[in-house]
Amino acid sequence: MPAELLDGKAIARELRDEVAAGTARLVARGVRPGLAVVLVGDDPASAVYVKSKGKACEEAGMHSVTIRLPADTSQARLDAEVDALNADPAIHGILVQMPLPKQIAADSVIRRIKPEKDVDGFHPVNVGKMLIGDTDGFVPCTPAGIQVMLQRTGVKTAGKECVIVGRSNIVGKPMVALMLQNTPQANCTVTVCHSATTDMAAHTRRADILIAAAGKPHLIKRDMVKPGAVVIDVGISRVEDPSSASGYRLVGDVAFDEVREVASLITPVPGGVGPMTIAMLLKNTLRAAERTVA
Ligand code: GUN
């Protein structure tokens, strides 16, 4: 029997409704949560994500600011934008869309954002808190969204083998930290595979929960997946497709049609993890704003 779909869109909808209700309560107390999204350059995929983030914010009743800067923006100019947003009381969350152009040191920009406005959870202070299990910080939106999706679908994680493919700072590494915690919604035995892993299939075949976040279209094939596994596909790559109106289509890291035959639950691409990322961003922004009124 083919796997059931893990419907990220539906769970994200629930979360966004909860965030909208929380936002309305906070607005009644005189504070409208505000999110600033900064986009440097004109990468088409990033432009699409940034637009969705702004739209989702407005739909939840939040204040939304999008700052678009040219691809040749200097580090000093971007630093000045971040400083202004750090100082702006109407802005509770700041997100600088990654990747950034080569002339900009991304880690320096991340460190410049005040940890209490770092709704991406990328600042070393928030990364450190997440690693030690201190829930007071912000957790990166994609891994946090995956954890919530598993929880709300009733997937048992404690004692399970969780294999993560990919070690990015945005998904793979924080995903490890989350699934490793001694909490009911985690408590997994975690393995991470990456570009230097010699026999990836030997690891992925042991996974009860397989999280693919390598950014490599269709990397995970049917024979790499244990029958009955829960498969989460974080990948979203554009591949050429002359039969589509746009000339491309979006594909994940998982060969969906064949893996669906062996998995028990699987996320589609698009419509799986992506909507959860945006929902968690709104949740983090609401939390950042709530904290200003304590
Ligand atoms: N690029 C891809 N995913 C993300 C994300 O979650 N946050 C930011 N800032 N950039 C990204």
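Just so you know, ligand 1 is whichever comes first in the structure, and atom 1 is the first atom listed for that ligand. Remember, predicted model here, so these are calculated numbers, not experimental data.
Electrostatic pairing of Asp118 and Lys114 does not count as a salt bridge here, judged by no charged N lying under 4.0 Å from a carboxylate O. Salt bridge annotation for Arg249-Asp241: present, with a cationic side-chain nitrogen under 4.0 angstrom from a carboxylate oxygen. A salt bridge between Arg112 and Asp79 is present, with a side-chain N of the basic residue lying under 4.0 Å from a carboxylate O of the acidic one. Using a 4.0 Å cut-off between a side-chain N of Lys or Arg and a carboxylate O of Asp or Glu, Glu81 and Arg68 do not qualify as a salt bridge.
Looking from atom 10 (N) of ligand 1 to the surrounding protein, the closest heavy atom is Met98 N, 3.0 Å. Here the heavy atom of the protein found nearest to atom 3 (N) of ligand 1 is Ile170 CG2, 4.0 Å. From the protein, the heavy atom lying nearest to atom 11 (C) of ligand 1 is Gln97 NE2, 3.5 Å. Counting protein heavy atoms only, atom 7 (N) of ligand 1 is closest to Asp120 OD1, 3.0 Å.
Proximity to Leu95 (heavy-atom distance under 4.0 Å) selects the following atoms of ligand 1: 9 (N).
Within the 4.0 Å heavy-atom shell around ligand 1 one does not find Tyr49.
Only backbone heavy atoms of Val96 (N, CA, C or O) come within less than 4.0 Å of ligand 1; its side chain stays farther off.
Of the options Val234, Thr204, Ile209, Val176, a side chain to side chain contact (heavy atoms under 4.5 Å, CB included) to Ile164 is made by Val176 and by none of the others.
Phe256 shares a hydrophobic cluster with Leu5, Val163, Val165, Met200, Leu210, Leu219, Ile220, Met224, Val225, Val231, Val254, Val259, Val262, Ile266; the chain of contacts runs through ILVMFWY side chains whose heavy atoms sit under 4.5 Å apart.
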